[in-house]
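Written out below as structure tokens is the structure these notes cover.
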Amino acid sequence: MINISFPDGAVRQYESGVSAMDIAKSISEGLARKVLVAGVNDEVWDLSRPITQDSSLKLFTWNDAEGKNTFWHSSAHLMAEAIEAKFPGVKFWVGPPLEHGFYYDIDLGDNKITEEDLAELEKKMNELAKQNNAYIRTEKAKADAIQYFTTKGDEYKLDLLQNLEDGNITFYTQGNFTDLCRGPHIPNTGFIKAIKLLNIAGAYWKGDEKNKQLTRIYGITFPVQKELDEYLNMLEEAKKRDHRKLGKELSIYTMNDDIGQGLILWMPNGTVIIEELEKLAKQTEEDAGYKRVVTPHIAKENLYLTSGHLPYYADSMFAPMEMDGEKYYLKAMNCPHHHKIFDAEPKSYRDMPYKIAEYGTCYRYEQSGELFGLMRVRCLHMNDAHIYCTKEQFAQEFKAVNDLYLKYFKIFGIEKYVMRLSLHDPEKLGQKYVNEPELWLETEDMVRQVLIEANIPFVEVKGEGAFYGPKIDVQIWSAIGREFTLATNQVDFAQPRSFKLSFTNQNNEPEIPLIIHRAPLGTHERFIGFLLEHYAGKFPVWLAPLQVKILPISDKFLDYAHTIKQTLRKASVRVEIDERQEKIGKKIREAELARVPYMLVVGEKEAAENKLSVRRQGKGDAGQIAVDEFVQNIVEEISERKPLE
RNA sequence: GCCGUUGUAGCUCAGUGGUAGAGCACUUCCUUGGUAAGGAAGAGGUCGUGAGUUCAAUUCUCAUCAACGGCUCCA
């Protein structure tokens with residue numbers, strides 16, 4: 001007999017060789033129907049695998065991450081079975097679960113798969129699922145496994161086998177499909193009740209663009225149809241708040257083939273938002289002791305050789321223009337320009353920290369396939385600033401920048417983000433990162449300490465640092481789930497040296513400063529793209545392109561409407577009148593759809609008493625109010641940058 | 001850049017080997033209406049671009065550009 005301990009602390013005895021499924025059945029039939037996979041001594045196991053020694057046991061269902069992962073991984077095998085049935089001889093790489101669903105990477109050989117095939121594959125999968133085929137685990141000797149895949153001519157599985165230890169190699173079979181697989185799997189295909197294959201994509205083998213491109217098929221499955229319907233519905237809803245859709249609907253920005261890929265044309269509505277953001281940035285930065293500067297959009301080649309950008313990032317810069325034997329580049333970053341301003345006049349420790357800020361226009365030649373609405377573009381306007389400081393000042397200054405982020409995020413109500421401490425990768429020193437191993441470790445620790453002392457939760461990720469130093473990135477997700485860096489706060493120990501920047505310290509000796517690069521509001525492009533999705537187009541009043549729409553009941557009240565408009569204009573409120581000869585219902589509908597925060601209905605009653613009927617976007621009629629009182633309220637709401645309630 | 005999909009009116013989308021249609025938007029007229037679509041008429045497109053096949057191409061083929069879904073990349 002063996003002892004099995006459960007998460008609640010209970011210990012029960014079973015015969016050696018008992019399976020997790022047997023145990024589940026001994027607890028209740030209901031549980032046995034729901035359980036998908038087991039946790040045995042913190043390892044995830046097949047339910048059917050015999051347990052032969054004292055163990056702790058957890059039973060995972062669809063409600064557990066382990067349950068979902070196993071379910072989706074088993075679904076990937078089911079998809080592979082369907083694909084093999086339709087295209088015999090294709091070779092499989094790996095088929096892991098994802099946060100939502102799964103994929104399988106396949107070498108289709110000469111076969112071609114189109115989106116029309118997906119429906120057919122789904123049908124086949126449903127058929128196979130209904131057969132309730134068990135996922136059967138078999139252990140194999142490495143030599144036998146190699147033999148098996150050599151005969152099959154499957155170089156992909158042979159590649160996987162290279163890294164596996166003998167005695168650790170398992171195959172799984174369900175129906176007619178057998179795959180090299182670590183497992184575990186759900187008991188049988190019958191659990192998979194709802195199937196949707198989402199899309200076909202190319203994916204480089206092992207994620208390296210120098211390798212062959214495999215075909216990747218994404219799918220998702222559920223144990224009940226209703227959950228699939230809900231998931232697909234959720235995807236549809238997410239598309240509705242996609243910034244590209246909202247950006248068009250609300251006339252924020254446009255793009256044009258004659259201008260070029262990734263080059264944003266900001267329309268009047270978008271420009272209002274840009275100007276409000278810049279106003280906020282300027283106020284905040286002035287309060288924090290920054291000075292503003294302006295620098296050109298181009299510079300000579302030598303500048304980027306000095307900064308070290310060119311060797312690392314030439315591919316991401318627009319090709320140079322040659323004039324009078326000089327090469328001029330469009331700037332992809334503002335830092336070197338700012339360094340030249342720092343260096344223009346001698347600095348003393350009394351000048352430090354020296355902070356200069358600019359909404360800098362940068363051009364980056366992003367690969368065409370990477371461009372994505374406002375989130376990834378080729379011309380961007382960066383909320384940039386550089387802080388030149390002493391080593392002693394660094395922690396305080398770096399923390400002040402972090403506090404600035406948090407202050408901004410509070411204004412915008414940004415709560416769903418992850419702070420990422422982005423570090424260098426020691427293996428890529430000298431290639432992707434300047435070769436200063438000790439300075440890396442030292443500055444990385446400085447940044448880490450700032451985060452720890454400020455009690456800000458963060459994750460550390462190797463290989464995400466800038467080439468000149470570690471950084472803190474604020475990661476956010478777009479409506480359709482893509483991850484982006486919204487804002488960044490970076491340390492730079494490399495450029496001060498390459499630009500030979502220095503200040504005179506208290507001992508009258510030259511000293512090299514540290515630089516903090518920071519962009520808490522990121523770029524206008526990405527930030528506004530994010531805000532569109534964050535607010536679902538319903539901007540708070542201070543940011544709204546149009547703040548007030550006056551809706552006269554009929555054109556008899558146009559004069560009164562104009563009087564109100566003048567009053568609001570005097571208070572710098574962005575206001576328009578809907579002068580069309582349309583019914584009030586239609587005027588309201590269109591103002592609602594345009595996400596105008598305040599609609600003012602004016603007719604006979606209002607004109608007689610010098611009042612307004614206020615309607616708030618999405619909230620309906622808010623009743624009558626005196627004109628002066630409304631003006632006072634909205635001015636306060638705007639100047640305090642209040643969020644929508 | 002690579003794999004796949006798509007490209008018809010300002011927008012959302014039908015459709016066809018014989019030079020095109022709907023709804024909304026737009027213009028004009030009627031209506032002066034009180035909290036999410038009043039009515040009528042009209043105007044608007046060489047069907048992304050270029051080439052090929054054909055008596056004839058928006059439709060078929062190829063190329064190209066762009067957008068979209070991924071991969072790679074992201075200072």
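Treat the numbers as computed from the prediction; the structure is a model and nothing was measured. Chain letters run A, B, ... following the sequence lines, proteins first, then strands; residues in each count from 1.
- Among the atoms of the strands shown, base atoms are found under 4.0 Å from some heavy atom of A:R376.
- Remark: A:R420 fails to qualify as a cation-pi partner of A:F458 under the 6.0 Å distance and 45° angle criteria applied to the six-membered ring.
- Scanning residues 611-622 of chain A for heavy-atom distances under 4.0 Å to RNA chain B yields A:S613, A:R615, A:D621.
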Please list, for nucleotides 63-66 of chain B, all pairs of protein and nucleotide N/O atoms separated by less than 3.5 Å.
unit_1 : atom_1 : unit_2 : atom_2 : d
B:rA66 : OP1    : A:Q261 : OE1    : 3.0

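- With hydrogens and angles ignored, a donor-acceptor pair under 3.5 angstrom links the side chain of A:E606 to the base of B:rG34.
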Could you list all N or O pairs between the protein and nucleotides 39-43 of chain B that sit under 3.5 Å apart?
none

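- Helical stems in RNA chain B, defined as runs of 3 or more consecutive Watson-Crick or G-U wobble pairs with both donor-acceptor distances under 3.5 Å, are listed by first residue as B:1-7 with B:65-71, B:10-13 with B:21-24, B:26-30 with B:38-42, B:48-52 with B:60-64.
- Contacts of A:K428 classified as salt bridge (Lys or Arg N to Asp or Glu O under 4.0 Å), with partners at least two apart in sequence or in another chain: none.
- For the pair A:R482 and B:rG70, the criterion of a side-chain N or O lying under 4.0 Å from OP1 or OP2 is met.
- A close approach under 4.0 Å does occur between a side-chain nitrogen or oxygen of A:Y218 and OP1 or OP2 of B:rC71.
- Within the 4.0 Å cut-off from OP1 or OP2 of B:rC74, at least one side-chain nitrogen or oxygen of A:K432 is found.
- Between A:R589 and B:rU35 there is no side-chain N or O to OP1 or OP2 distance below 4.0 Å.
- Counted within 6.0 Å of NZ on A:K196, heavy atoms from surrounding residues, nucleotides or ligands total 12 or fewer; the atom is thus considered open.
- A cation-pi arrangement, defined by a distance under 6.0 Å to the six-membered ring centre and an angle within 45 degrees of its axis, is present between A:R378 and A:Y365.
- The nearest whole Å value for the distance from the OH atom in A:Y103 to the P atom in B:rC71 is 9 Å.
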Detail all sub-3.5 Å separations between protein N/O atoms and N/O atoms belonging to nucleotides 23-29 of chain B.
unit_1 : atom_1 : unit_2 : atom_2 : d
B:rA25 : OP1    : A:K586 : NZ     : 3.2

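- Stacking of A:R595 on the aromatic ring of A:F539 is not recorded, the 6.0 Å distance cut-off and the 45° axial limit not both being met.
- Atom CD of A:Q581 is separated from atom P of B:rU32 by 10 Å (rounded to the nearest Å).
- Regarding contacts with the backbone of B:rC2, every side-chain N or O of A:R216 stays at 4.0 angstrom or more from both OP1 and OP2.
- Residue contacts shown for A:F467 are absent, as no nucleic acid heavy atom lies under 4.0 Å away.
- Side-chain contact between A:Y103 and A:L198 is absent, with no heavy atoms from C-beta onward closer than 4.5 Å.
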